[in-house]
Amino acid sequence: MQQKLIYILFIFASVISYGQVNLFMESDKTDYNGKDIVNLTIILELNGVDLEPQTRFQLPDLSKFTIIGSGSVTNTVIDPATNTLITQKVTRIALEPKKKGKVKIGSVLVTVNNKIYKTEPFDVNIKDIIEKRSLATNMASEMYLNMEIEDREVYQDQATIAVLRVYSKNMDNFRKVKDVRLPNQDNINVHAISMSKSEIDPSGAGNMASQTLAVFMVFPNEAGYVEVPSVSASVSSYANKNKIVSNKVKLNVKKLPEGSPECFKNAVGNFSVNVYNASKDKIEVEKPIHVIVKISGEGNLPDMYLPKILASPDYEVFTPKITSKVAPGTTGMKGEMFANYVVIPKKSGPISIQTEQFAFFDPASREYVDLGQETLALSAFSHDQILESRTTVEKVNEYTNTLLETVNTPVLKTTTFKVKEKSKFHWSILLTNIAILVGLFVIYLLFKTWQKKRALVRETASPKPLGSVAETEKEIRETLKTDINDYFSYLENLKDNGDYQKFFDTLEEMDLEVRNQYFKSSSEEFRTFLESHKGSSVAEEYRNLLQRIQMEKYSPLKSAEGMDELLKAVVNLYSRISK
């Protein structure tokens, strides 16, 4: 029995010597002045080959400090005395205190081999606090951004409006704020309402003036507490360029009520669905037609799942092209979404095209609304039926067009009429004509000489100043300036005639002409020029428009509504640029 006890003790001793974890945290000192930086050192020692950290260091609450820097290093050695692998991980954290007095620093946690280890908490004493301002704050004279969201309790996928304002004591700083970047996060959808600056309000917070930089809608797509990340903007000066960041806002996103219909996906707002045939001709078997599924209303319209057309053996349906006409409303994005389907009938006779069932949640009434299915009844005809149904005039027109396209008609020659020559030549008429021509030439020379003398006297009396480089460049630009309205009229005609290839070639030619007015050879240089002189919103709109033009140009299916929207966007943007 005694030998067994000794054997067990030896086993425990070997286990203890084989694997051991040491974790501790210390500061460089306990008393700090206002200018001192609190340096924390966290050390984790692992004695053994089978010890592996499963988590990173879980830091305590450091909200009373500002973390200004951190760094880690890992060292691995073998103890020659015990032949044991020793892994040491050291982390240094530099903190700037925000408050004075005794501040408690809590425990650091780490999990090793399914066991949690923690350090002992300790206190540090902060004597005085000296306010330190960042470089951006000093440069911008205490400028800061503030994001305001009034309604912070909303349903999932319901809109709430955020307003971004900038505050500063010096009003000259407002013109330096550019490049506002809206938050981007997976659990929210953001849509801009306005990215233009408002008038400066001198009666801001305290003695600081304020200006609204952006207004946008936030749609949280998950329930719970959702934090809207900060909005950033750049503050440019002649010396450098800094970035300022706004506050974060936490939303209480309520989960949608129970009892939703099976067809409900994520539509929140108030909507209606309509299905119609966009093709005007008679429907023929094996010939494509355009069927539009239109969703109208207000809510999370750009982000919701649209009802699809159900498959059927009576027709073949292809992936739709999605277009939209939306604008900010009072409770969400308001407008219409169009799903343009290409449908090919497979049989003649009546055909019923049905959509998926569609339901939405109305936050105003806090109820689900099931719209059910939408059905479009069509009648398809065979090719022979189409021919038989044509009128006599339509048959004559078709026959005439076919004849003109296929038959080579002879060219009709017209007879030439010749003027009979007179037997007698009148010299008096010839001399009279020559005298008239000589007189007109002499009068022209006298007029040019008088004009030159008058211009010389005017230049001598008031010499014209040479002007600056900017004025000369402006005169050259005015000389090279193209009448942009001519392009708009020509593009409208090309669009109406369906000549889309010539339409996009003319768009590229117009873009080149506009860029030449500002002496910019590439689109990137022109976008940089627009950002400097027209604002970041115009530059971003120009970049998005070029991408949209390329997508429409190489799209296999071009709809009349999509081309109308594209032309309106082109006229709107280039009219502002070419002013």
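Quick note: residue numbers are just sequence positions, from 1.
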So how far is it from [X] [atom1] to [Y] [atom2], rounded to the nearest 0.5 Å?
| X | Y | atom1 | atom2 | answer |
| --- | --- | --- | --- | --- |
| Leu145 | Lys243 | CG | NZ | 11.0 Å |
| Phe360 | Cys263 | CZ | SG | 11.0 Å |
| Glu120 | Glu26 | CD | CD | 14.0 Å |
| Asp179 | Glu540 | CG | CD | 9.5 Å |
| Gln354 | Ile309 | CD | CD1 | 11.0 Å |
| Lys176 | Ser234 | NZ | OG | 12.5 Å |

Would a distance-only check, ignoring hydrogens and angles, find a side-chain to backbone donor-acceptor pair under 3.5 Å from [X] to [Y]?
| X | Y | answer |
| --- | --- | --- |
| Thr30 | Val124 | no |
| Ser279 | His290 | yes |
| Gln156 | Asn221 | yes |
| Ser324 | Val326 | no |
| Ser27 | Lys29 | yes |
| Asn300 | Val268 | yes |
| Asn266 | Asp303 | yes |
| Asn184 | Pro229 | no |
| Lys197 | Phe174 | yes |
| Gln185 | Glu227 | yes |

Identify the two heavy atoms, one from [X] and one from [Y], that lie closest to each other, and give their separation to 0.1 Å.
| X | Y | value |
| --- | --- | --- |
| Leu59 | Leu62 | CD1-CD1, 4.4 Å |
| Pro220 | Gln158 | CD-O, 3.4 Å |
| Phe271 | Gly299 | CZ-CA, 3.8 Å |
| Asn247 | Met147 | OD1-N, 2.7 Å |
| Leu573 | Tyr542 | CD2-CA, 3.5 Å |
| Pro121 | Ser107 | CD-OG, 3.5 Å |

Name of the residue among Lys334, Met337, His191 meeting side chain to side chain contact (heavy atoms under 4.5 Å, CB included) with Leu301
Met337
Sort out for me which residue in Asn22, Thr87, Val110 forms a side chain to side chain contact (heavy atoms under 4.5 Å, CB included) with Leu44.
Val110
Listed partners of Arg152 passing salt bridge (Lys or Arg N to Asp or Glu O under 4.0 Å), at least two apart
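For Arg152, no residue satisfies salt bridge (Lys or Arg N to Asp or Glu O under 4.0 Å) once neighbours in sequence are set aside.
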What do you reckon, are the aromatic ring centroids of Phe264 and Tyr368 less than 6.0 Å apart?
yes
side-chain hydrogen bond (donor to acceptor under 3.5 Å, both in side chains) with Glu524: which residues, sequence neighbours excluded?
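Counting only residues at least two positions away or on another chain, Glu524 forms a side-chain hydrogen bond (donor to acceptor under 3.5 Å, both in side chains) with Arg527.
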Residues that Thr331 engages under side-chain hydrogen bond (donor to acceptor under 3.5 Å, both in side chains), provided they are two or more places apart:
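Residues passing side-chain hydrogen bond (donor to acceptor under 3.5 Å, both in side chains) with Thr331: Glu298.
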Carboxylate-amine/guanidinium proximity below 4.0 Å for [X] and [Y]:
| X | Y | result |
| --- | --- | --- |
| Lys325 | Glu336 | no |
| Glu565 | Arg548 | yes |
| Glu531 | Arg543 | no |

One pair to check against side chain to side chain contact (heavy atoms under 4.5 Å, CB included): Val180 and Met195. What are the steps and the verdict?
CA-CA 8 Å; Val180 177; Met195 298 297 292; 4.1 Å; yes
Is there a side-chain contact between [X] and [Y] (heavy atoms, below 4.5 Å)?
| X | Y | answer |
| --- | --- | --- |
| Val177 | Asn173 | no |
| Phe216 | Ile161 | no |
| Val317 | Val342 | no |
| Val166 | Ser210 | no |
| Met217 | Ile193 | yes |
| Ile322 | Pro320 | yes |
| Tyr315 | Ile351 | yes |
| Ser246 | Leu164 | yes |

Aromatic rings Phe526 and Phe529: how do their planes relate, parallel, tilted or perpendicular, breaks at 30° and 60°?
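Phe526 vs Phe529 ring planes: parallel.
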Which class fits the ring pair Tyr144 and Tyr167: parallel under 30°, tilted 30 to 60°, perpendicular over 60°?
parallel
Using a cut-off of 6.0 Å, state whether more than 12 heavy atoms not belonging to [X] lie near its atom [atom1].
| X | atom1 | result |
| --- | --- | --- |
| Glu150 | CD | no |
| Tyr305 | OH | no |
| Lys250 | NZ | no |

Over-ring placement of Lys254 relative to Tyr155, 6.0 Å and 45° cut-offs
yes
Between Lys308 and Tyr341, is NZ or CZ placed under 6.0 angstrom from the six-membered ring centre and within 45° of the ring axis?
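Lys308 over Tyr341 ring: no.
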Any donor-acceptor pair under 3.5 Å linking the side-chain atoms of Glu45 with those of Asn47?
no
Is it true that the side chains of Thr41 and Arg92 contain a donor and an acceptor less than 3.5 Å apart?
yes
Begin with the C-alpha distance, continue with both residues' side-chain angles, and end with the deciding distance and a verdict on salt bridge (charged side-chain N to carboxylate O under 4.0 Å, His left out) for Lys265 and Glu356.
CA-CA 12 Å; Lys265 293 181 180 178; Glu356 294 178 333; 3.5 Å; yes
Candidate pair Val293 and Val273, rule side chain to side chain contact (heavy atoms under 4.5 Å, CB included), full reasoning:
CA-CA 7 Å; Val293 179; Val273 181; 4.2 Å; yes
Chi angles and distances behind the side chain to side chain contact (heavy atoms under 4.5 Å, CB included) call for Leu566, Lys495
CA-CA 10 Å; Leu566 179 61; Lys495 176 185 69 64; over 6 Å; no
Pair Arg576, Lys534 - check side chain to side chain contact (heavy atoms under 4.5 Å, CB included), show working.
CA-CA 9 Å; Arg576 288 182 286 156; Lys534 301 286 185 178; over 6 Å; no
